[in-house]
Amino acid sequence: MRIAVYIPLLLSLLAPLGARPLSERCEPRLATWLLTVSALAMGAATTISLGLLAITGLIRFPQLASLGHWSAHTAQRDDPAELSVALIAALLLGAAVLMAARMLWRRTRTLTAAALEAACMPTEDDLVVVEDEAPDAFAIPGLPGRIVVSTGMLRTLDETERDILLAHERAHLASRHYAFVTLAQLGAAANPLLRPLATAVTYTIERWADENAATATGDRKRVAHTVGKAALAAHHTPTRAPGASLGILGRRTALAAAGPVPRRVAALLAPPFGRHSILAAAAAVVLATAALSTAEAAHDLHLLLEAVSAR
């Protein structure tokens, strides 16, 4: 436990360095999965590590040690962590749990509001057209989800470009991109060092939807043109108020509003990305190392508790 418990914390400093390479060089769907799992797993691993360190500090106090029939004196002698480190870990643990719970509560409320708003929209299919001169388009998760497009956006795009826009937004709903964003942001809420991973997910889901639109239409250049055109049209569109549009990203999710548009356009004009097995393997190694280190630290703490209870 003198080393293993700190490895997830160290990896959380290094993990964000892989966010940009994964989002830029991997096939978007694979990148989204890797980034989301990494953010969630690393957030859980660091939270558990903080908890393990906090416990080593708590058993040094006789009043708390007596609850588990442990010897506070023996714990003070055999404890692998300094008391100051354990107390800092306890404070960080409390903050991590509080922030993660707060984020999860707010996102649950937002998704519930989005689902209710979607259910109240009268339409025979998933498309809802609203009278609004401002070019806008976004997906609302629900049962079923809805795609809302303003008349201003429809007038901005031609027929083929409208099909691209709808294919993009339907990809958000069909692939449940809001769930990936929620899980990645949950990991980042528990460990703010992981925010670059969550930010990268908001980009890769847009790339994922772009690629789905390119597959549906068979014209990557036309999709790239539509992304740029929609971005330019929506540039001065104000962010929507809290409600359905918060259901996916916590803000408006127009076709080209989330993620750096030039990078998306450049990716569409280039050949499709492969799976990039080296990056995927590197991410898997980091996650496996964090998981094994956390398990080893937990096992060491178990042995420590057995030792201080036996004396």
Could you state whether [X] and [Y] fall into the same hydrophobic cluster, counting links through intermediate Ile, Leu, Val, Met, Phe, Trp or Tyr residues with side-chain heavy atoms under 4.5 angstrom apart?
{"X": "Ile55", "Y": "Ile88", "value": "yes"}
{"X": "Leu30", "Y": "Leu40", "value": "no"}
{"X": "Leu98", "Y": "Leu186", "value": "no"}
{"X": "Val5", "Y": "Ile48", "value": "yes"}

Please lay out, stage by stage, how Glu117 and Arg146 fare under the test salt bridge (Lys or Arg N to Asp or Glu O under 4.0 Å).
CA-CA 9 Å; Glu117 188 171 348; Arg146 305 293 189 197; over 6 Å; no
Just do the salt bridge (Lys or Arg N to Asp or Glu O under 4.0 Å) check on Asp158 and Arg222 with the steps written out, would you?
CA-CA 11 Å; Asp158 61 30; Arg222 193 61 183 271; 2.5 Å; yes
Rounded at 0.5 Å granularity, tell me how far [atom1] in [X] sits from [atom2] in [Y].
{"X": "Gln185", "Y": "Thr199", "atom1": "CD", "atom2": "OG1", "result": "8.0 Å"}
{"X": "Asp126", "Y": "Leu166", "atom1": "CG", "atom2": "CG", "result": "7.5 Å"}
{"X": "Thr204", "Y": "Leu22", "atom1": "OG1", "atom2": "CG", "result": "9.5 Å"}
{"X": "Arg170", "Y": "Leu165", "atom1": "CZ", "atom2": "CG", "result": "9.5 Å"}
{"X": "Leu14", "Y": "Met42", "atom1": "CG", "atom2": "CE", "result": "8.5 Å"}

Between [X] and [Y], what is the shortest heavy-atom contact and its length?
{"X": "Arg220", "Y": "Ala214", "value": "CG-CB, 3.9 Å"}
{"X": "Ala96", "Y": "Ala190", "value": "CB-O, 3.2 Å"}
{"X": "Pro21", "Y": "Leu279", "value": "O-CD1, 3.6 Å"}
{"X": "Asn212", "Y": "Ala171", "value": "ND2-CB, 3.5 Å"}
{"X": "Ala100", "Y": "Ala189", "value": "CA-CB, 4.0 Å"}
{"X": "Asn191", "Y": "Ser12", "value": "ND2-CB, 3.2 Å"}

Is Arg102 atom CZ crowded by more than 12 heavy atoms from other residues, nucleotides or ligands, each under 6.0 Å away?
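Atom CZ in Arg102 is not crowded, with 12 or fewer foreign heavy atoms closer than 6.0 Å.
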Is Arg264 close enough and on-axis enough to Tyr203, meaning under 6.0 Å and within 45°, for cation-pi?
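Not satisfied by the 6.0 Å and 45° rule.
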Knowing that exactly one of Leu9, Ile3, Ile7 qualifies, which makes a side-chain contact (heavy atoms from CB on, under 4.5 Å) with Ser293?
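The side-chain contact (heavy atoms from CB on, under 4.5 Å) with Ser293 is passed solely by Ile7 among Leu9, Ile3, Ile7.
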Audit row: Leu268, Arg207, side chain to side chain contact (heavy atoms under 4.5 Å, CB included) steps and yes/no:
CA-CA 9 Å; Leu268 285 164; Arg207 284 282 302 114; 4.1 Å; yes
In sequence, state the C-alpha distance, the side-chain angles, and the governing distance for Leu173 and Glu169, and then conclude on side chain to side chain contact (heavy atoms under 4.5 Å, CB included).
CA-CA 7 Å; Leu173 295 178; Glu169 298 299 341; over 6 Å; no
Give a yes or no answer on whether the side chain of Thr36 reaches the backbone of Trp33 with a donor-acceptor pair at less than 3.5 Å.
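No, the answer is negative, given that no donor and acceptor are paired below the 3.5 Å cut-off.
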Donor-acceptor check, side chain of Ser150 to backbone of Asp136, threshold 3.5 angstrom: yes or no?
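Answer holds: yes.
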Short N-O contact, Glu211 and Arg29, less than 4.0 angstrom
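Salt bridge between Glu211 and Arg29, a charged N being under 4.0 Å from a carboxylate O: no.
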Is a donor from one side chain sitting under 3.5 angstrom from an acceptor on the other, for Asp210 and His168?
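Their side chains do contain a donor-acceptor pair, which is all the 3.5 Å distance test asks for.
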Step by step, work out the side chain to side chain contact (heavy atoms under 4.5 Å, CB included) result for Tyr6 and Leu53.
CA-CA 9 Å; Tyr6 298 104; Leu53 287 170; 3.8 Å; yes
Test His172 against Glu206 for side chain to side chain donor-acceptor pair (under 3.5 Å), laying out the working first.
CA-CA 8 Å; His172 280 318; Glu206 293 300 320; 3.1 Å; yes
Under the criterion side chain to side chain contact (heavy atoms under 4.5 Å, CB included), I'd like the reasoning laid out for Ile147 against Val149: C-alpha separation, chi angles, the key distance, then a yes or no.
CA-CA 7 Å; Ile147 298 168; Val149 184; 4.0 Å; yes
